[in-house]
Amino acid sequence: MRVYLDNNATTIVDPKVKEKMDPFFCQMYGNPNSLHQFGSETHPALSRAMDQLYKGINAQDEDDVIVTSCATESNNWVLKGVYFDLIKDGKKDHIITSSVEHPSVLATCRFLESIGVRITYLPVNSKGVIEIEDLKNAIDDKTALVSIMWANNETGMLFPVKEISEVCKEKGVLFHSDAVQAIGKVKVDAKDTEVDFLSFSAHKFHGPKGVGGLYIKNSEPLSPLLNGGEHMGGRRSGTLNVPGIVGMGEAMELADSYLDYEYKEVKRLRDKLEDAILKIPDTFVVGTKDERVPNTILVSIKGVEGEGMLWDLNRYGIAASTGSACASEDLESNPVMEAIGAEADLAHTALRLSLSRFTTEEEIDYAIEHINRAVKRLRAISSTYSYAPKNHKNGL
Ligand code: C6P
């Protein structure tokens, strides 16, 4: 049996999405900017997709959504665009983010820091989210942008985006939210939340890889990251990825229609898995069930190295991760675990399990059986686990 529990890394393309994309590879393959029929015959599908995208996130209007190649590009674009528009000439000098953002935000912030931008990395509490008071205290007259994610990719914890947005409005600071792990799991409403920028990536909600988007409220000017032709109104150059855009639009509409299912069925299966793991002694899960997106668990299993667990589960066809797929090649401890104050030995025991609407009850039962088996086996050969574990600070 093969069980895929790494949906925060990427998801299966919904067959209905693939079906909509298919004609744009070998039949209607023209460049939409060409003046002939091969180009123009792609227009109805592109315009339908743009419609599905802006409706899916409840944008102000169609022109507010710009297609990019992925969320990494969208995040880079916002941070570097704000640098060119507001910071480079000295009007502002400061960006605020959290210490648990995705590497595409953190590494870009570190790059901007290296060229003189002041960056504040807000700490997180034991649930892995920022405190609003810390944000208020960090904002000053020179703050240009606050960039805080909608939901964390490792813990699934939801951030108080509405409150963050209100604070930013009050202080006259732009607000960007990386909504990659929220779309398709909770309702993401750009108008209601009043975010200025919002990033997303199709492959996280059963769309294709290599296509994402950036919402820019009221199409405000933002210096482009990619200069070139006049694609996307000159805001993001590069020949349009027609199959990708068509697929992303369809995936967005489907994701929206499955939100109830996510909250009932995906959450039920996630909670079943979580309750079963928590029956194992010396385990803890980061964050509370109801403040998380319905598909994610980040669990620490004392005495069980995350990599050992992955290797063992993989032998039985079960795919999980120790955290973000982008950081999976180093054997560092989980950075979000460290940010919430877990001691180093616990941070090495992180296991991220993420479900999707394609996950079945049979798969969850199989995963429970093998997680229990693997824990017994790995603890029996562990040099660090004793059945009288030491007291960790904060009960972690
Ligand atoms: N996180 C994970 O395993 P791209 O790869 O550009 O489509 O998406 C980047 C990205 C941005 N923001 C968040 C919150 C994300 O979770 C991701 C992708 C995957 O957690 C792969 S590293």
Side-chain angles (χ1 to χ4, degrees), residues 4-13 53 57 66-80 97-110 124 128-130 147-159 161 164 176-186 188 195 197-215 225-226 236 238 241 244-245 247-248 251-252 255 286-287 292-293 295-298 306-307 310 319-330 332 334-337 339 350-356:
Y4 187 71
L5 294 177
D6 198 13
N7 285 279
N8 285 9
T10 196
T11 58
I12 182 175
V13 174
L53 291 177
I57 58 164
I66 314 289
V67 173
T68 62
S69 63
C70 59
T72 298
E73 181 190 325
S74 306
N75 289 342
N76 268 265
W77 183 12
V78 174
L79 292 157
K80 291 174 183 168
T97 190
S98 84
S99 53
V100 294
E101 297 296 308
H102 184 264
S104 56
V105 169
L106 289 177
T108 309
C109 284
R110 281 195 289 272
V124 291
V129 291
I130 61 152
S147 178
I148 305 278
M149 64 206 327
W150 203 292
N152 184 266
N153 49 313
E154 313 216 6
T155 62
M157 279 297 287
L158 288 157
F159 280 68
V161 276
I164 297 171
H176 163 241
S177 188
D178 173 349
V180 165
Q181 297 289 351
I183 290 183
K185 298 167 189 163
V186 291
V188 170
V195 287
F197 309 104
L198 188 146
S199 309
F200 53 93
S201 197
H203 71 105
K204 306 289 186 183
F205 50 93
H206 303 291
K209 294 170 188 54
V211 60
L214 181 66
Y215 160 80
L225 187 65
L226 302 186
R236 196 273 179 188
N241 171 0
I245 298 170
M248 180 160 68
M252 179 74 90
V286 183
R292 263 184 280 145
V293 287
N295 79 319
T296 309
I297 306 171
L298 183 68
E307 278 78 20
L310 287 195
S321 65
T322 52
S324 164
C326 313
S328 62
E329 278 173 23
D330 55 47
E332 298 289 302
N334 182 293
V336 177
M337 284 280 194
L351 179 69
R352 180 180 74 176
L353 299 156
S354 48
L355 289 68
S356 84

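A quick note: this is a predicted structure, and the numbers were derived from the prediction, not measured. Counting starts at 1 for both ligands and their atoms, in listed order.
Those atoms of ligand 1 that come under 4.0 Å of a heavy atom in Asn153, given as number and element, are 16 (O), 20 (O). The contact set between ligand 1 and Val180, taken as ligand atoms under 4.0 Å from a residue heavy atom, comprises 11 (C), 12 (N), 13 (C), 14 (C), 15 (C), 16 (O), 17 (C). Below 4.0 Å from some heavy atom of Ser201 lie the following atoms of ligand 1, by number and element: 4 (P), 7 (O).
Contacts of Glu154 with ligand 1, taken as heavy-atom pairs under 4.0 Å, are absent altogether. Of all the heavy atoms of Ser104, the ones lying under 4.0 Å from any atom of ligand 1 belong exclusively to the side chain. Residue contacts with ligand 1, taken as heavy atom pairs separated by less than 4.0 Å, involve Ala71 via backbone and side-chain atoms alike. Neither the backbone nor the side chain of Glu101 has a heavy atom within less than 4.0 Å of ligand 1.
Within the structure, the closest approach of Lys204 to ligand 1 falls below 4.0 Å when heavy atoms are considered. Note on ligand 1: Arg352 sits in its first shell, one or more heavy atoms being nearer than 4.0 Å.
For the side-chain contact (heavy atoms from CB on, under 4.5 Å) criterion with Trp77, the lone passing option out of Leu214, Leu226, Thr72 is Leu214.
In this comparison of Asp178, Asn76, Asn8, the heavy atom closest to atom 2 (C) of ligand 1 sits on Asn8.
A donor-acceptor pair under 3.5 Å is absent between the side-chain atoms of Thr11 and the main chain of Asn7, judged by distance alone. Listed for the Ser177 side chain is a donor-acceptor partner under 3.5 Å among the backbone atoms of Trp150. Between the side chain of Gln181 and the backbone N or O of Asn8 there is at least one donor-acceptor pair closer than 3.5 Å. A donor-acceptor pair under 3.5 Å is formed between the side chain of Ser74 and the backbone N or O of Gly213.
Residues satisfying the ring-ring contact (aromatic ring centres under 6.0 Å, His included) criterion with His203, sequence neighbours excluded, are absent altogether. Remark: Ser98 engages Glu101 in a side-chain hydrogen bond (donor to acceptor under 3.5 Å, both in side chains) (not counting sequence neighbours).
Considering backbone and side-chain N/O of Thr72, one or more are found under 3.5 Å from N/O of ligand 1.
With hydrogens and angles left out, the side-chain atoms of Asn76 and Thr108 include a donor and acceptor closer than 3.5 Å.
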